[in-house]
Amino acid sequence: MAKYLKKSIEKVNSTAESYVDLSDFKEAAPDKQRTGCMSVVCTSGSKRLKLNHDLYAALNEPSSVRVLLGKSKIAIVAVPDGTTGSFKLGKGGILYDVDEVISLTSGIDFPENASTRCGTLTQVQDDGKGNLAAIVTL
């Protein structure tokens, strides 16, 4: 047993002087419950953008998307394969060659050989051409 642990721990009653009130504590959330509808995956020499499951499903799991850049938002639009200017999605919703999109995420550090979650899915709408568009705030 570690040196810093008592050999026997007794349950503390709520009326005891040493009782700790848990109402002021903040609950920790597992990483998979933290917000971020996309992950930026950095490896040596390249960066990829992975759409999380909810975002990918909201777009009906497309195989191609167009990415429209705003000032602090992007629109990810599900489009038919072969659409001019579209990105082919890899398995599980992965986009390659996305440095321009990543440059919009100010104040977020993307360490090499790690992934970082970012973006909030704010709404899904029609793009005016019959395609689903997800609006993501960065």
Side-chain angles (χ1 to χ4, degrees):
M1 190 171 274
K3 293 180 188 177
Y4 56 87
L5 292 178
K6 294 181 182 178
K7 288 188 179 183
S8 76
I9 303 289
E10 293 181 27
K11 182 178 176 183
V12 175
N13 189 312
S14 63
T15 58
E17 188 176 314
S18 64
Y19 182 78
V20 176
D21 181 8
L22 300 179
S23 64
D24 291 334
F25 282 60
K26 177 183 166 191
E27 188 171 340
D31 283 345
K32 59 185 167 185
Q33 291 181 358
R34 292 190 181 147
T35 59
C37 65
M38 302 179 299
S39 294
V40 176
V41 181
C42 296
T43 59
S44 56
S46 76
K47 291 181 183 172
R48 304 182 293 264
L49 190 66
K50 182 175 187 323
L51 309 182
N52 80 1
H53 176 73
D54 294 335
L55 174 55
Y56 190 51
L59 292 170
N60 293 328
E61 301 181 2
S63 56
S64 294
V65 295
R66 286 181 54 227
V67 179
L68 308 174
L69 308 174
K71 291 182 182 180
S72 63
K73 296 180 182 185
I74 63 172
I76 301 173
V77 183
V79 294
D81 288 344
T83 300
T84 303
S86 67
F87 289 89
K88 182 94 173 127
L89 285 177
K91 184 177 181 179
I94 295 179
L95 288 159
Y96 297 91
D97 301 320
V98 291
D99 289 335
E100 192 174 10
V101 175
I102 294 169
S103 70
L104 293 175
T105 55
S106 61
I108 300 175
D109 184 33
F110 299 111
E112 189 147 326
N113 297 321
S115 65
T116 305
R117 292 182 184 203
C118 63
T120 302
L121 177 60
T122 54
Q123 67 188 45
V124 177
Q125 65 184 44
D126 184 280
D127 73 342
K129 299 176 184 175
N131 301 309
L132 280 175
I135 310 301
V136 176
T137 302
L138 301 173

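Please read all numbers here as calculations on a predicted model, not as lab measurements.
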All pairs passing salt bridge (charged side-chain N to carboxylate O under 4.0 Å, His left out) where residues 37-46 contributes a residue, at least two apart: none
ILVMFWY clustering at 4.5 Å (side-chain atoms), partners of Val12: Tyr19
Same apolar cluster: Val77 and Leu138, side chain cutoff 4.5 Å: no
Contacts of Asp126 that satisfy salt bridge (Lys or Arg N to Asp or Glu O under 4.0 Å) - sequence neighbours left out: none
Any residue meeting side-chain hydrogen bond (donor to acceptor under 3.5 Å, both in side chains) with Thr15, in chain and number order, not counting sequence neighbours: Asn13
Thr116 and Pro111, any side-chain heavy atoms less than 4.5 Å apart: yes
Pairing residues for Thr43 by the side-chain hydrogen bond (donor to acceptor under 3.5 Å, both in side chains) criterion, not counting sequence neighbours: Ser46
Donor-acceptor contact present, side-chain Asp54 to main-chain Cys37, <3.5 Å: no
Side-chain hydrophobic cluster, 4.5 Å single linkage: members besides Val41: none
What donor-acceptor contacts under 3.5 angstrom involve side-chain atoms of residues 91-101, with partners at least two apart or in another chain?
none

Rounded distance (nearest 0.5 Å) linking atom CD of Glu112 with atom SG of Cys42: 7.5 Å
Exercise: identify the closest heavy-atom pair between Gly119 and Met38: CA-CE, 4.5 Å
Trace of the side chain to side chain contact (heavy atoms under 4.5 Å, CB included) decision for Leu51 with Ile76: CA-CA 10 Å; Leu51 309 182; Ile76 301 173; 3.8 Å; yes
Listed partners of Lys73 passing salt bridge (Lys or Arg N to Asp or Glu O under 4.0 Å), at least two apart: none
Heavy-atom pair with the smallest gap, counting every atom of Ser39 and Arg117: OG-CG, 3.6 Å
Taking distance alone, no hydrogens or angles, what donor-acceptor pairs closer than 3.5 Å link side-chain atoms of residues 127-137 to residues at least two apart or in another chain?
{"residue": "Asp127", "atom": "OD1", "partner": "Lys129", "partner atom": "N", "Å": "2.7"}
{"residue": "Asp127", "atom": "OD1", "partner": "Gly130", "partner atom": "N", "Å": "3.3"}
{"residue": "Asp127", "atom": "OD1", "partner": "Asn131", "partner atom": "N", "Å": "3.0"}
{"residue": "Asp127", "atom": "OD2", "partner": "Asn131", "partner atom": "ND2", "Å": "3.2"}

same_hphob_cluster(Val79, Leu89) at 4.5 Å side-chain heavy-atom cutoff: no
Please table the atom pairs, donor to acceptor, closer than 3.5 Å between any side-chain atom in residues 55-72 and protein atoms at least two apart or in another chain.
{"residue": "Ser63", "atom": "OG", "partner": "Asp81", "partner atom": "OD1", "Å": "2.5"}
{"residue": "Ser63", "atom": "OG", "partner": "Asp81", "partner atom": "OD2", "Å": "3.1"}
{"residue": "Ser64", "atom": "OG", "partner": "Asp81", "partner atom": "OD1", "Å": "2.6"}

